[in-house]
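Proteins get letters first, then strands, A, B, ... in listed order; numbering begins at 1 in each.
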Amino acid sequence: MAALARSLRSPRVLIALVMILCILCCAIFAGLIAPNDPGDQNLLSILVPPTWSPGGDPAFPLGTDSLGRDVLSRLIYGARTAMLVAFFASLGAMIIGTVLAHISGYFGGTVDWIIGRLVDVWMSFPPVILSLILMVGLGVGLDRVILAIILVDWTRFCRVLRSEVLIVTRHDYVAAARLLGFTHWQAIVREVLPATLPLLITLMSLEMAIAVIVEAILSFVGLGVGANQPAWGQMIADARQYVYQSPWNLLLPALAIFFTVTAFNLLGDGLRRTLDVRLSESGR
Amino acid sequence: MFALQALDLTVTARINGAVVPAIRGLSFELPPGKILGLVGESGAGKSMVGRAIAQLLPTGFAITAGSLLFEGEDLMEMPPPRRRALLGRAIGFIPQQPMTALNPVMTVGAQFDEHLARLGEGDYVERRKRAIAALAAAHLRDAGGLLGRYPHQLSGGMLQRVLIALAFSSNPRLVIADEPTTALDVTIHPQILRLIAEMQREHTTAIIFITHDLRLAAQLCDQVVVMYAGRAIESGPARSILSRPAHPYTRCLQLANPTMHNERRALYVIPDQMPSLRQLQKMPGCHFAPRCPLVVENCRRMDPPEVWIGADHRVACLRAADVAAIATIDEATAPPEISARIVLQVEKLQKRYRIGDKLFGGTRLVEAVKGVSFNIAENEFVALVGESGSGKSTIAKLLVGLEQPSGGRILLNGDDLTDPSLRSLVRRAASLQMVFQDPQSALNPRRRIGRIITQAMEAGSRHSTWQERLTRTKELLAEVGLSEDFATRLPGQLSGGQRQRVNIARALCNIPKVLVADEIVSGLDVSIQAQLLNLLARLRSELGFGMLFISHDLSVVRHLCSRVLVMYRGEIVEQGPIEAVFSDPQHPHTRALVSSVPPDDPRAGWPALKVALAEY
């Protein structure tokens with residue numbers, strides 16, 4: 001874990017972590033920070049512009065949407081949705097993908113062939129279409145969104161990690177562990193997994209960015225977390241019709257998505273640079 | 001005029017901002033048509049010389065003083081176009097790794113043609129004729145057909161012949177051969193060396209022959225320069241250096257090398273290892289002083305001056321006069337009495353592999369091991385020798401259970417390990433262990449040494465307390481001659497020899513009855529090898545385990561083992577007591593193996609070098 005400590009010294013990772021911490025605070029303390037209830041409709045003051053433009057209302061710092069709901073509060077509560085999806089969806093995809101990748105790469109042979117073909121077939125569906133189809137089948141809701149993303153994206157982990165597992169397993173120390181009496185399970189958990197962990201962590205941070213985007217897409221087409229829960233994609237979809245009257249309503253959630261995705265990508269890139277043994281060796 | 005002359009050549013390396021000399025004040029003269037051997041262990045700086053000539057120094061390395069004169073012209077001072085014109089024409093190169101030296105996507109012919117075209121050689125037909133003649137001169141059969149083949153279709157020995165033909169095709173005045181045989185099978189070594197010698201005579205080329213093998217250099221070279229930690233410590237006529245070494249290091253190296261003919265003695269152990277570049281930075285005086293048995297106070301203070309001790313025999317040592325006093329402890333290392341109790345019995349062991357794609361395209365069977373039988377007794381070390389691809393490593397894997405045999409039986413203390421109910425590795429772990437070839441790959445870089453060597457204690461359902469493991473760690477470290485503070489280090493912080501000790505310690509954790517050791521000293525330098533061989537001999541007398549020792553180095557095998565099995569194409573073609581087999585080999589392959597070892601006595605001829613080259 002010395003590598004993880006080292007990665008904290010990378011400016012990329014530090015900046016990314018600060019950004020993610022901001023979003024995370026919004027998500028956790030949404031109830032305290034948000035000035036208004038995100039669901040409260042103020043039909044008397046719809047499409048109020050942000051406070052700094054003429055006609056702004058200090059009660060709604062970033063204005064209101066077409067139903068008179070406070071944009072700032074909706075953005076803050078939207079962060080909660082985004083973070084929940086990002087964390088649990090990538091965790092789920094990571095677990096399924098990692099388990100299958102280790103089984104596949106470690107044992108090889110027929111098991112590897114079957115898992116490999118399953119991934120091939122799975123990946124031949126366009127991911128967004130597949131998740132849309134899944135959402136139609138599963139119905140809307142936060143847990144369904146998470147499930148859909150897991151079911152689509154586990155292949156990404158499986159494919160990339162398998163080749164890493166394959167490389168690690170070829171090392172004599174894995175064979176040596178077996179000869180010393182380690183069971184297959186012990187050999188995988190104690191010898192192979194620690195070596196694939198850096199890649200796994202990197203992949204997971206990148207997957208979080210993807211999960212945020214997919215969630216936004218699903219919410220945008222109305223197959224996301226459901227109408228009663230604020231989500232950034234949904235806000236963009238709502239603001240689309242009034243884009244000429246109040247462009248802020250569209251820009252602000254888009255910016256929020258951009259900010260979050262950039263943070264996760266930056267984190268992933270920084271981790272990759274510091275944790276990847278091959279990169280750090282050739283860089284020296 | 002000399003073909004090549006180095007004058008006070010100094011190459012420095014930049015390490016973390018500090019400037020460290022990698023080669024210091026190297027001087028030598030190579031007359032035209034002679035062979036100069038640069039001899040030393042890894043890290044001595046011998047390859048750096050060849051790289052300096054080719055202008056291929058690694059990043060951070062630079063020539064900072066002195067000069068390299070090629071026929072009187074300074075290679076460093078001359079304009080780059082002039083130097084480029086010399087390299088590949090007047091100066092040829094024979095690489096260490098023939099397998100990677102040619103472009104894999106171009107035919108041998110295309111690469112030969114490219115080279116000859118660069119030399120300004122006539123038209124295509126003319127060049128093709130020249131190429132065929134050059135390959136034929138390298139004793140390659142069907143040279144015309146060879147030109148149309150790709151590098152991967154040729155064996156390592158053939159590729160090296162092609163590269164030698166390529167290097168000599170321009171009629172060079174100087175050829176640099178950097179360990180040209182190291183990557184090849186031992187049986188091919190004499191042929192390649194003979195070919196180089198033959199080409200050298202025909203073209204009267206001067207050769208710089210870089211090698212780690214002093215005996216080999218003595219056979220092939222006229223002059224030898226022995227290098228240690230970036231310095232020439234001794235130089236002179238090849239034979240007189242080997243028969244009358246004047247530097248303690250040369251003498252120690254000679255005593256550390258197991259012999260093929262003399263009586264078996266304990267090997268001389270040079271303690272510790274060659275200082276790294278980083279350590280050299282703050283090391284005044286003689287670089288060998290920390291390991292030298294004759295060291296005196298002055299050695300650590302001043303750079304030893306070069307003294308002439310013969311017509312052209314120079315040595316840089318204050319105590320050159322006393323070198324003959326260095327001797328091995330007079331300790332017979334005749335293998336101990338072998339007990340009659342057989343621990344491992346192998347009967348008609350077979351292994352067939354099915355290769356090819358199961359779904360698309362056909363498969364075929366490859367027989368890696370064809371019905372091999374042998375026994376190993378308690379505290380008996382049995383050697384398994386043979387060329388690469390003969391099935392040695394497959395036998396190792398079958399014994400320890402990393403592969404399942406296709407037929408035959410393996411009996412360990414009477415239990416049949418091939419019996420499905422006993423197949424489990426957990427059952428085997430306690431009594432049969434393996435020491436791996438590559439210590440880099442065999443040690444988990446994330447585990448500390450203490451946790452590696454007691455790894456067996458966390459296996460399966462065993463739960464050892466921290467205290468138990470700590471005690472065992474200390475015992476094992478002491479057994480393999482490492483100090484206790486190694487327990488908390490990581491494998492990356494260890495040298496090759498130390499890693500191999502850890503590798504052995506791990507295998508010993510459960511006190512096995514039989515060890516399988518696959519080429520465990522082949523990657524190591526002579527002085528480190530001697531340390532490990534002595535360690536293994538000591539462990540045998542202390543712990544009394546039997547061992548299957550797989551190696552390609554017959555002198556190492558002869559030193560350590562009492563019986564030998566010679567493998568050839570998956571079969572044991574000859575076996576018996578070492579002395580009997582090596583002094584009177586019966587099978588042609590055994591004869592080839594035995595004759596490929598250069599003689600210990602530099603005055604004795606090496607018959608393998610005299611035999612006419614076979615067409616290949």
Side-chain angles (χ1 to χ4, degrees), chain A residues 1-7 106-118 120-121 164-201 274-278 280-284, chain B residues 15-16 59-60 354 357-359 393 396-397 399-403 424-448 451-462 490-492 499 502-504 506-510 512 515-516 518 520:
Chain A
M1 287 300 94
L4 270 184
R6 189 176 65 232
S7 69
Y106 180 87
F107 291 102
T110 317
V111 187
D112 184 31
W113 191 89
I114 292 171
I115 295 177
R117 296 302 79 76
L118 181 67
D120 281 349
V121 170
E164 184 79 4
V165 173
L166 218 54
I167 293 168
V168 175
T169 306
R170 281 208 199 105
H171 280 116
D172 285 340
Y173 67 77
V174 180
R178 288 280 295 137
L179 294 185
L180 292 168
F182 273 39
T183 58
H184 285 300
W185 170 250
Q186 284 176 323
I188 291 177
V189 172
R190 295 191 204 163
E191 304 291 303
V192 180
L193 189 64
T196 53
L197 204 59
L199 179 65
L200 201 149
I201 293 170
T274 43
L275 296 182
D276 194 325
V277 193
R278 281 157 299 180
S280 56
E281 267 171 9
S282 59
R284 250 171 236 153
Chain B
I15 298 177
N16 300 338
T59 34
R354 187 170 286 281
D357 195 320
K358 270 181 219 147
L359 205 60
S393 292
K397 284 186 193 147
L399 286 186
V400 295
L402 288 175
E403 302 263 8
S424 145
L425 287 168
V426 184
R427 291 288 304 271
R428 243 183 256 228
S431 34
L432 190 59
Q433 273 303 326
M434 174 149 173
V435 185
F436 288 85
Q437 174 173 11
D438 176 11
Q440 174 104 41
S441 158
L443 303 179
N444 187 340
R446 283 162 208 84
R447 277 176 179 263
R448 304 213 171 261
R451 285 191 59 225
I452 288 178
I453 58 181
T454 56
Q455 205 177 338
M457 299 173 79
E458 62 176 89
S461 49
R462 285 175 69 173
L490 289 166
R499 280 192 207 144
V502 171
N503 205 352
I504 293 171
R506 172 177 61 188
L508 292 177
C509 185
N510 281 338
L515 274 186
V516 177
D518 190 356
I520 59 173

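- Heavy atoms of B:Q440 lying under 4.5 Å from chain A are absent altogether.
- In terms of heavy atoms, B:A442 sits closest to A:Y173 at O-CB, 3.1 Å.
- Contact check for B:Q433 versus A:L180: side-chain heavy atoms found under the 4.5 Å cut-off.
- Salt-bridge annotation for B:R447 and A:E191: present, with a side-chain N of the basic residue lying under 4.0 Å from a carboxylate O of the acidic one.
- At a 4.5 Å heavy-atom cutoff, the contact between A:A195 and chain B is made by backbone and side-chain atoms alike.
- Here A:R190 contributes atom CZ and B:N444 contributes atom CG; the two are 12.5 Å apart, rounded to the nearest 0.5 Å.
- Rounding to the nearest 0.5 Å places CG of A:L193 at 10.0 Å from CZ of B:R446.
- Within the 3.5 Å criterion, the main-chain N or O of A:D172 finds a donor-acceptor partner in the side chain of B:S441.
- For the pair A:R178 (side chain) and B:G401 (backbone), a donor-acceptor distance under 3.5 Å is absent.
- Here the shortest heavy-atom pairing between B:V400 and A:L179 reads O-CD2, 3.5 Å.
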